[in-house]
Amino acid sequence: MIVALDHIAIAVPDLDKAISRFLDDFGLTFEGQEDVIAAKTTTAFFPVDGTSIELVHPLDGEGPLVQHLEKRGPGIHHICFRSNNLDEDVERLKGKGYQFLSEEPSIGAHNTRVIFIHPRSCDGVLIELNEYPESH
């Protein structure tokens with residue numbers, strides 16, 4: 001079941017500049033960054049009262065985010081909903097006709113299992129579903 005808005009991800013062409021904006025200008029707490037090899041991104045984390053802002057940047061100038069930035073420019077990349085049973089939610093949504101970008105979940109930031117719903121299934125919005133490991 002979907003239980004929370006986990007994060008809003010913003011695609012940024014200059015990660016250091018974006019981190020400075022959220023840290024220095026907006027006064028948010030910076031929780032560090034992580035390379036997400038499977039997605040070929042570097043992600044910076046800013047928790048905000050029960051959710052977070054994630055700044056996503058292409059890892060080593062490679063991966064699908066490069067094309068996203070070239071085609072659409074910087075801005076909101078996706079929103080992520082937290083699930084307490086990802087496999088069940090995926091099956092339920094597939095049964096309702098939702099299309100996913102992959103057949104199976106992969107490992108995302110914070111060692112979560114993640115899967116993305118194709119934007120054409122959600123009015124043009126890329127939706128991520130994630131599930132934290134049991135020890136979270």
Side-chain angles (χ1 to χ4, degrees):
M1 180 155 122
I2 293 171
V3 294
L5 174 64
D6 189 77
H7 64 268
I8 297 170
I10 301 171
V12 298
D14 183 333
L15 186 59
D16 292 334
K17 182 177 178 182
I19 288 171
S20 178
R21 177 182 312 112
F22 281 83
L23 180 64
D24 300 332
D25 299 346
F26 297 156
L28 298 180
T29 301
F30 177 51
E31 254 188 9
Q33 61 190 58
E34 178 181 341
D35 291 342
V36 183
I37 305 303
K40 296 185 179 179
T41 62
T42 298
T43 305
F45 306 98
F46 292 88
V48 181
D49 196 21
T51 189
S52 69
I53 300 294
E54 292 188 1
L55 306 177
V56 292
H57 178 76
L59 177 63
D60 299 325
E62 299 177 359
L65 195 56
V66 171
Q67 291 80 19
H68 174 88
L69 284 166
E70 288 172 354
K71 185 176 179 181
R72 294 186 177 90
I76 293 178
H77 183 259
H78 67 269
I79 62 172
C80 177
F81 293 111
R82 187 176 316 140
S83 171
N84 63 4
N85 189 328
L86 187 61
D87 296 325
E88 189 177 276
D89 281 331
V90 169
E91 287 308 309
R92 180 177 54 79
L93 292 169
K94 281 183 178 179
K96 291 180 172 281
Y98 284 80
Q99 296 176 331
F100 289 79
L101 296 182
S102 62
E103 289 300 314
E104 298 292 327
S106 61
I107 300 301
H110 307 303
N111 203 34
T112 57
R113 293 177 63 229
V114 303
I115 194 165
F116 287 86
I117 300 172
H118 198 290
R120 73 173 147 248
S121 293
C122 297
D123 298 313
V125 177
L126 181 62
I127 303 286
E128 177 184 19
L129 302 177
N130 75 2
E131 180 182 56
Y132 282 83
E134 299 229 1
S135 61
H136 182 268

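Quick caveat: nothing in here was measured; it's all calculated off a predicted structure. Along the sequence shown, the residues carry numbers beginning at 1.
Cluster membership check: I53 does not share its hydrophobic cluster with V114, using side-chain heavy-atom separations under 4.5 Å among Ile, Leu, Val, Met, Phe, Trp and Tyr. Put simply, L93 and V125 are part of the same group of oily side chains (I, L, V, M, F, W, Y) that touch within less than 4.5 Å, one to the next. Two different hydrophobic clusters hold I10 and L126 under the rule that ILVMFWY side chains link at heavy-atom gaps under 4.5 Å. Taken together through direct or relayed side-chain contacts under 4.5 Å among Ile, Leu, Val, Met, Phe, Trp and Tyr, F26 and F46 form part of one hydrophobic cluster.
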Audit row: E91, D87, side chain to side chain contact (heavy atoms under 4.5 Å, CB included) steps and yes/no: CA-CA 6 Å; E91 287 308 309; D87 296 325; 5.7 Å; no

With side chain to side chain contact (heavy atoms under 4.5 Å, CB included) as the test, would you mind laying out the steps for I2 and D89 before giving the verdict? CA-CA 7 Å; I2 293 171; D89 281 331; 3.8 Å; yes

Might you work through the side chain to side chain contact (heavy atoms under 4.5 Å, CB included) test for I8 and I76, ending with a clear yes or no? CA-CA 7 Å; I8 297 170; I76 293 178; 4.3 Å; yes

Take T112 and I107 through the side chain to side chain contact (heavy atoms under 4.5 Å, CB included) test and state the conclusion after the steps. CA-CA 6 Å; T112 57; I107 300 301; over 6 Å; no

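With respect to L59, the side chain to side chain contact (heavy atoms under 4.5 Å, CB included) criterion is satisfied by exactly one of T42, V36, L65: T42.
Between the side chains of Y132 and D6, at least one donor-acceptor pair of N or O atoms lies under 3.5 Å.
Under the ring pair (Phe, Tyr, Trp, His ring centres under 6.0 Å) criterion, H7 pairs with H78, sequence neighbours left out. In terms of the ring pair (Phe, Tyr, Trp, His ring centres under 6.0 Å) criterion, F100 has no residue partners (sequence neighbours excluded).
In this structure, the side chains of I117 and L101 stay at 4.5 Å or more apart for every pair of heavy atoms. L55 has its side chain out of reach of T43: every pair of non-hydrogen atoms, C-beta onward, lies at least 4.5 Å apart.
Distance check, rounded to the nearest 0.5 Å: CD1 of I127 to SG of C80 gives 9.0 Å. The distance from the CD1 atom of I37 to the OG atom of S106 is 12.5 Å, given to the nearest 0.5 Å. Here the straight-line distance linking atom NE2 of H57 with atom NE2 of H77 works out to 13.0 Å at 0.5 Å rounding.
Panel note: side chain T51, backbone L5; a donor-acceptor pair is recorded below 3.5 Å. The backbone N or O of R113 lies less than 3.5 Å from no partner atom in the side chain of N130, so there is not a single donor-acceptor pair. No donor-acceptor distance shorter than 3.5 angstrom exists from the side chain of S52 to the backbone of E54, with no hydrogens or angles considered. Between the side chain of S102 and the main chain of E104, a donor-acceptor pair closer than 3.5 Å is present. Of the possible donor and acceptor atoms, one in the side chain of S121 sits under 3.5 Å from a partner among the backbone N and O of Q99.
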Under 3.5 Å donor-acceptor pairs involving side-chain atoms of residues 11-25, not counting sequence neighbours:
residue, atom, partner, partner atom, Å
D14, OD1, D16, N, 3.3
D14, OD1, K17, N, 3.0
S20, OG, D24, OD2, 3.0

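Of all heavy-atom pairs spanning A109 and E34, the tightest one is CA-OE2, 3.5 Å. N111 approaches P133 most closely through the heavy-atom pair O-CG, 3.3 Å. Across all their heavy atoms, A9 and V56 have their closest contact at CB-CG1, 4.4 Å. The two residues A44 and F30 have their closest heavy-atom pair at CB-CE1, 3.8 Å.
In E103, the CD atom is not crowded: 12 or fewer heavy atoms of neighbouring residues, nucleotides or ligands sit closer than 6.0 Å.
Aromatic ring orientation, F45 versus H110: tilted (interplanar angle from 30° to 60°).
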